[in-house]
Amino acid sequence: MQLRFSKMHGIGNDFVVLDCRQHPFPLNPEQIRALGDRHVGVGFDQLLSVEPARDPSCAFYYGIWNADGSPSGQCGNGVRCVAAWLHRAGALALGEQVMIESPSGPVTVRLLDAHEVTVDMGEPMFEPARIPLSAEARVDRYEILAGDRSVEFGAVSMGNPHAVVSVADLADPALEQLGPLLTSHPRFAEGANAGFVLQLDRTQLRLRVHERGAGWTRACGTGACAAMAVLHQRGEVGDSVSVELPGGKLRIDWAGPGHPLWMTGPAAFVFEGEWPVPAVDGDRGG
Ligand SMILES: N[C@H](CCC[C@H](N)C(=O)O)C(=O)O
């Protein structure tokens, strides 16, 4: 079977997008990993499917799988690319605001232009059980033993789990080990995206993220939302911040609990292609 796809990225976080509006998602986890392989496949951080909505209040549904084949509930850079993809497919007009359904629930997207999208990512969820994180109670700062060091972090869900660690040096070599340790720490029952944030002032952050299921990526949209939300809860940033990641900048706006959190940033097309799906064993994906 030949599979048509679009290759896209959101500030360097790269995606393969599949049009599944007319046919069911066709790949099992083994095939997802093969497609995501950067040497013998096409390569991506995440695979995204565009499907008919399941929730009647939404225009479409999008599925999300990491490069290791694991599913995720949310992808911030990815949903901006889905919105731009729908615009190119003639299914979303400039300036039009629609709800799109993600595995963790609906988000609202609006195309500011063909390559700039703003998204209401919903409210950050801090309750440990909603992340999920095993903890006695919800606090602004948790302590965890990672390897031989105690690490202080914030935790939040954007529809996917995030740990946020404030650092003074994003080039600290210790982060190379700390990222994977936090991502797979047993206190995060479903794993975590581990964000390391350097705060420049109340309106500017720098961030690196070791993503669950994909490793270090050049950008993580939900990670930018998570870092801002954690610092906002501590009263350390204002209601609007610029988050600079290795691949580029996002703007995050959040007025606090009870308000939606908006993420604004670019979405880019790279190329269209076809991929011969290998006949490998494994249960159906999705
Ligand atoms: N690795 C994430 C999914 C992709 C998130 C990221 N690429 C974004 O832009 O939000 C997870 O397993 O929860």
Side-chain angles (χ1 to χ4, degrees), residues 7-17 29 32-33 36 38 43-49 62-85 100 102-105 107 109 117-125 130-133 155-164 179-180 182-185 188-197 205 207-230 243-252 254 261-268 270 285-286:
K7 187 76 189 331
M8 300 184 74
H9 75 89
I11 51 171
N13 185 197
D14 67 324
F15 308 106
V16 161
V17 182
I32 294 170
R33 284 188 287 273
R38 294 194 183 283
F44 54 70
D45 290 329
Q46 280 84 36
L47 174 64
L48 307 172
S49 66
Y62 65 99
I64 307 158
W65 293 268
N66 290 306
D68 69 355
S70 62
S72 174
Q74 193 52 269
C75 184
N77 290 319
V79 70
R80 296 198 317 275
C81 288
V82 165
W85 186 93
I100 303 186
S102 76
S104 63
V107 294
V109 303
V117 187
T118 191
V119 188
D120 170 357
M121 297 290 290
E123 266 211 70
M125 293 174 284
R130 302 286 301 276
I131 295 175
L133 168 70
V156 66
S157 172
M158 291 304 303
N160 59 346
H162 288 269
V164 178
L182 272 177
T183 293
S184 59
H185 199 282
F188 286 100
E190 295 172 10
N193 299 283
F196 299 92
V197 64
L205 305 177
L207 178 70
R208 292 178 62 199
V209 183
H210 183 271
E211 285 197 33
R212 177 181 65 169
W216 295 105
T217 57
R218 295 187 61 185
C220 179
T222 51
C225 300
M228 190 272 187
V230 162
V243 182
E244 183 178 1
L245 297 113
K249 287 185 179 179
L250 296 173
R251 201 183 84 226
I252 312 293
W254 186 47
L261 182 150
W262 287 88
M263 169 196 62
T264 304
V270 182

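When a ligand or atom number is given, it counts from 1 through the structure's own listing order.
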- Message: If we count only N and O atoms by modelled type, under 3.5 Å, do the side chains of T222 and Q74 hold a donor and an acceptor together?
- Response: no
- Task: Could you check whether the rings of H210 and W216 sit parallel, tilted or perpendicular, using 30° and 60° as the cut-offs?
- Result: perpendicular
- Considering heavy atoms of the protein only, find what lies nearest to atom 2 (C) of ligand 1 and give residue, atom and distance to 0.1 Å. N193 OD1, 3.2 Å
- List every atom of ligand 1 that sits less than 4.0 Å from any heavy atom of N66, numbering the atoms from 1 in the order shown and giving each element. 1 (N), 2 (C), 3 (C), 11 (C), 12 (O)
- What pair of heavy atoms forms the shortest contact from G122 to M158, and how long is it? O-CE, 4.3 Å
- Task: Examine ligand 1 and decide if any of its atoms is less than 4.0 Å from a heavy atom belonging to C75.
- Result: yes
- Task: Give the atoms of ligand 1, by number and element, whose distance to some non-hydrogen atom of G76 is under 4.0 Å.
- Result: 8 (C), 9 (O), 10 (O)
- Task: Give the contacting part of M158 toward ligand 1: side chain, backbone, both or neither, where contact means a heavy-atom distance below 4.0 Å.
- Result: neither
- Task: State the atoms of ligand 1, each with its element, that fall below the 4.0 Å cut-off from a heavy-atom position in Q74.
- Result: 3 (C), 4 (C), 5 (C)
- Would the number of heavy atoms belonging to other residues, nucleotides or ligands and lying under 6.0 Å from NZ of K249 be above 12? no
- ligand 1 atoms in contact with N77 (distance to a heavy atom under 4.0 Å): 8 (C), 9 (O)
- Message: Applying side-chain contact (heavy atoms from CB on, under 4.5 Å) to T183 and F188, what does each step give before you reach the verdict?
- Response: CA-CA 8 Å; T183 293; F188 286 100; over 6 Å; no
- Task: Indicate the atoms forming the closest heavy-atom contact of I131 with M125, along with that distance.
- Result: CG1-O, 3.9 Å
- Query: Are D68 and R33 close enough for a salt bridge, meaning some N to O gap below 4.0 Å?
  - Reply: no
- Task: Specify the protein heavy atom at minimum distance from atom 5 (C) of ligand 1: its residue, its atom name, and the distance to 0.1 Å.
- Result: E211 OE1, 3.5 Å
- Going by distance alone, is a donor N or O of one side chain under 3.5 Å from an acceptor N or O of the other, for Q46 and N66? yes
- Note on the structure: All heavy atoms of P246 vs all of R208, minimum pair found to be CG-CG, 4.4 Å
- Item | Identity and distance of the protein heavy atom lying nearest atom 7 (N) of ligand 1 | N13 OD1, 2.8 Å
- Is it true that G213 lies under 4.0 Å from ligand 1, counting heavy atoms only? no
- Per-atom filter on ligand 1: closer than 4.0 angstrom to a heavy atom of S72 are 2 (C), 3 (C), 11 (C), 12 (O), 13 (O)
- Query: How far is atom 10 (O) of ligand 1 from its nearest protein heavy atom, and which residue and atom is that?
  - Reply: T222 OG1, 2.6 Å
- Query: Where is the nearest protein heavy atom to atom 9 (O) of ligand 1: which residue, which atom, and how far?
  - Reply: G221 N, 2.8 Å
